[in-house]
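Every number for a ligand or one of its atoms is a count from 1 in the order of the listing. Any value given below was found using the heavy atoms of this structure, including those in side chains, with hydrogens, waters and symmetry copies removed.
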Amino acid sequence: MNPNEPPIIDFAPFYANDSTKEDLIRQIQQACEQFGFFQLINHAIPTELQTAVLQHSSEFFNLPLETKERYNQATGGFNRGYERLRSQNFEKRTKGDLKEGFYLGKDLPLDDVYVVQRRFGQGPNKYPSEVPDAEGFRRVMDEYHDAMIELAVAIMQVIARTLGLDEDVFSNFCDHPVSILRLLHYPSQEADASDLERGIGAHTDFGAITMLLQDDTGGLQVWNNLSSEWVDVTPVPGAYVVNLGNMMMRWTNDRYLSNLHRVINTSGKERFSVPFFFSGNPNYTIRCLPGCEDPEGARYPPITVHEWMTGRYADTYGTSDGKAIGELRQEPDA
Ligand SMILES: O=C(O)CCC(=O)C(=O)O
Ligand SMILES: [Fe+2]
């Protein structure tokens, strides 16, 4: 493993709640400052649930294209469902990213007050009926989504401590959150193809934290600001690759990093991954956290989660031809 890779951090001390927790807090603080990325092991998500999510995901992507298109994310108005190959294009190239996806969230009824108010990311799910086990797909995705919210809240509690704040300081932020599960499938790309081909082009995430489950294929890379190189994020069975998004960077007045990452899958086999994006309550106002100010104050004005996410999302998917830009701050290897 490259020593410049994001660190692997044992989360067990969080649950033990003894003196080892201070060490965990220090490790996460360091990772947030230096990488904006780390891998988390010994968290509370059962392996069987992770395996079931990946299995149901692969069964969905195995369906014929015309079946998958019935669940297209562009229909229904809640940004749930299928996104076809090359519908995103993070590095402004002609062909688009070589991946297809399926968006799920908390399955909310149409009369939920946040849905009525059209708050970002809130709405009902689409569940495919043509998969081999439609009832299992639904049950597993819903159960996984709930479990991931719990883990996200735990990680936010530790992040609060890394900033010298009370463990529960983010509890209002974590209530009724924007929390998006994205099933992803990357076909293998040719090893000798144009070196511009990407599974997902270099970008930063725009929410608070992302927790990514990846299979054992490999291909995810993160930009290391200190050594100025792309480093692999080597798959660790069952681990979550956790990274901070732009909202967290803004919230901490740039103290914590939201780093560039990309996927290039030249493994010769298809790759599956499942990022979970946690971005907090849409009505919550993000303003510089206490202790993070510069001598002159905060670098960014306050903004609600809803406003922030709506603006960032428009940047990413905003063009009608799908050739969107995303959050590309620099092109380190251009
Ligand atoms: O699939 C991966 O490993 C990365 C996915 C990702 O970066 C994203 O969906 O924002
Ligand atoms: Fe990402």
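- For V241, no heavy-atom contact with ligand 1 is shorter than 4.0 Å.
- Checked against the 6.0 Å centroid criterion, the rings of H43 and F14 do not qualify as a close aromatic pair.
- Taking the side chain to side chain contact (heavy atoms under 4.5 Å, CB included) definition, one finds that T75 meets it with K126, sequence neighbours left out.
- With F170 as reference, W251 is the one residue of W251, F278, Y284 to meet the ring-ring contact (aromatic ring centres under 6.0 Å, His included) rule.
- Aromatic ring centroids of W308 and Y300 lie 6.0 Å or more apart.
- Against a heavy-atom cut-off of under 4.0 Å, Y186 is close to the following atoms of ligand 1: 1 (O), 2 (C), 4 (C), 5 (C).
- Atoms of ligand 1 lying under 4.0 Å from any heavy atom of L184, numbered from 1 in the order shown and given with element: 1 (O), 5 (C), 9 (O).
- In this structure, atom 3 (O) of ligand 1 lies nearest to the protein heavy atom R271 NH2, 2.9 Å.
- Near F277, the atoms of ligand 1 lying under 4.0 angstrom from a non-hydrogen atom of the residue are 8 (C), 9 (O), 10 (O).
- With respect to atom 9 (O) of ligand 1, the closest heavy atom belonging to the protein is R182 NH1, 2.8 Å.
- Evaluation of the side-chain hydrogen bond (donor to acceptor under 3.5 Å, both in side chains) rule for Q29 yields E33 as partners, not counting sequence neighbours.
- In E150, the CD atom is not crowded: 12 or fewer heavy atoms of neighbouring residues, nucleotides or ligands sit closer than 6.0 Å.
- Checked against the Fe ion (ligand 2), the N, O or S atom of D205 at the shortest distance is OD1.
- Side-chain contact of Y82 with E69: a donor-acceptor pair under 3.5 Å is absent, judged by distance alone.
- A heavy-atom separation below 4.0 Å is not found between R262 and ligand 1.
- If you number the atoms of ligand 1 from 1 as listed, the ones under 4.0 Å from a heavy atom of D205 come out as 10 (O).
- The aromatic rings of F137 and F60 lie tilted to each other, with the angle between the two planes from 30° to 60°.
- Remark: R271 is positioned above the aromatic ring of Y186, its terminal NZ or CZ atom under 6.0 angstrom from the ring centre and at most 45 degrees off the axis.
- Of all atoms in ligand 1, numbered sequentially from 1 with element shown, those under 4.0 Å from a heavy atom of H261 are 7 (O).
- Close approach of ligand 1 to V263 is summarised as follows: ligand atoms under 4.0 Å from at least one heavy atom of the residue are 1 (O), 2 (C), 3 (O), 4 (C).
- Interface of P275 with ligand 1, defined as ligand atoms under 4.0 Å from a residue heavy atom, comprises 9 (O).
- By the rule that hydrophobic residues join a cluster once side-chain heavy atoms approach within less than 4.5 Å of another member, V263 and L85 end up as members of separate clusters.
- At least one heavy atom of H203 lies less than 4.0 angstrom from ligand 1.
- For Q214, the closest heavy-atom approach to ligand 1 does not fall below 4.0 Å.
- By the criterion of a heavy-atom distance under 4.0 Å, neither the backbone nor the side chain of T210 is placed next to ligand 1.
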